[in-house]
S.K.: 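Following this message is one structure expressed as structure tokens.
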Amino acid sequence: MSWSSLLRPGDYLVAVCGAILCVVSFPLAWQEGRAEKAVVRRGGEVFAELELSRSRRIEVPGPLGTTVVAVEKGRVRVVSDPGAHQYCVRQGWLERTGQIAVCAPNEVSVEVAGGRKPYDSLSY
Amino acid sequence: MTRSVIRLVTTAEDHRIARLAAAAIGLSLIDAAIPLPLPGIKPGLSNIVTLIVLARHGWRVAAWVTGLRVVAGGILLGQLLAPGFFMSLAGALSSLLILAGAARLPKRWFGPVSWSILAAFFHIGGQLALARAWLIPHDGVFYLAPFFAVAALSFGIINGLIAAGLLVRGQGSEDRVQKTEDR
């Protein structure tokens, strides 16, 4: 008794569909949410896009002075800002997609992007 | 003193279900004893019994055998009402659901191997859904999904082939079993 005699034509079809599902599942499961980055905007225009996987520190020049943005361990924060209230600095680490810190006086914003956004926008 | 006797009336079908469920329970114990690299991946040998029962006795008996296997297997492995029990219940229910449809596919084209692959994918699908909704409410559970999918395909094919082989081989012996049952 050979193995192939146990298979019917549709079985091959189902097996091929299963194999396709397997192949497709790899990028589906692994890419989503992994390509996360921080989008730094100045005056409404994109100033830099930082990969969250690599630790980095950048300086963003604005009308009031320099805003320092740091990426570390998959999260991002505003380290220092010349603004008076320091709201964006005190917001601390941003790690979820859609989170945003706005340093309005210096016209700088930092937003976490990539992956699937759980919401369209946040208002505080 | 009166002695009360409770006599359960059992039919031949009850006996058949019990015997098949016992075979499935035995296989699920073997299943649990096989070490595999990734938690959650199992060959699912007891599904061979489900497939054979489905082919020979229909979906209703297959559902009984599977349900008994899940509950009794849970008791024997000390997993009853623990997360692992609900995981295997979720897998069993969703694969039974797809088998109800798969058994209606034209037999000329789709055999036990098709059923087995479909059931394996739905098994892992049901388990992932439960894990995501209840045990690990984070998308991180899907990170392992590709491995589960590959395991579902390979074990689905292997179990399906074993079931198909046993069904072909058992065609003659089934009549003999039937005769001993009637006796």
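Computed over heavy atoms, backbone and side chain alike; hydrogens, waters and symmetry mates excluded. Since we're looking at a predicted model, the values are computed, not measured. Naming: A, B, ... by sequence-line order, numbering from 1 per chain.
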S.K.: I want to check a possible cation-pi pair here: Arg8(A) against Trp109(B), using under 6.0 Å from ring centre and within 45° of the ring axis as the test.
M.R.: no

S.K.: Please determine whether a side-chain nitrogen of the Lys or Arg among Glu49(A) and Lys37(A) lies less than 4.0 Å from a carboxylate oxygen of the Asp or Glu.
M.R.: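 Yes.
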
S.K.: Is there a side-chain contact between Leu29(B) and Leu27(B) in this structure, where contact means two heavy atoms from C-beta onward sitting under 4.5 Å apart?
M.R.: no

S.K.: Could you tell me which portion of Leu161(B) (side chain, backbone, both or neither) has an atom closer than 4.5 angstrom to a non-hydrogen atom of chain A?
M.R.: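 For Leu161(B), the contact with chain A is made by backbone and side chain together.
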
S.K.: With a 4.5 angstrom heavy-atom cut-off, could you sort out which part of Phe110(B) is near chain A: side chain, backbone, both or neither?
M.R.: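 Both backbone and side chain.
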
S.K.: Taking every heavy-atom pair that is under 4.5 Å apart, which of Trp115(B), Phe121(B), Phe148(B), Phe147(B) has the most such pairs with chain A?
M.R.: Phe121(B)

S.K.: Heavy-atom pairs under 4.5 Å with chain A - which of Ile157(B), Leu167(B), Val150(B), Leu105(B) has more of them than the others?
M.R.: Val150(B)

S.K.: Less than 4.5 Å apart, any side-chain heavy atom of Leu99(B) and any of Leu118(B)?
M.R.: no

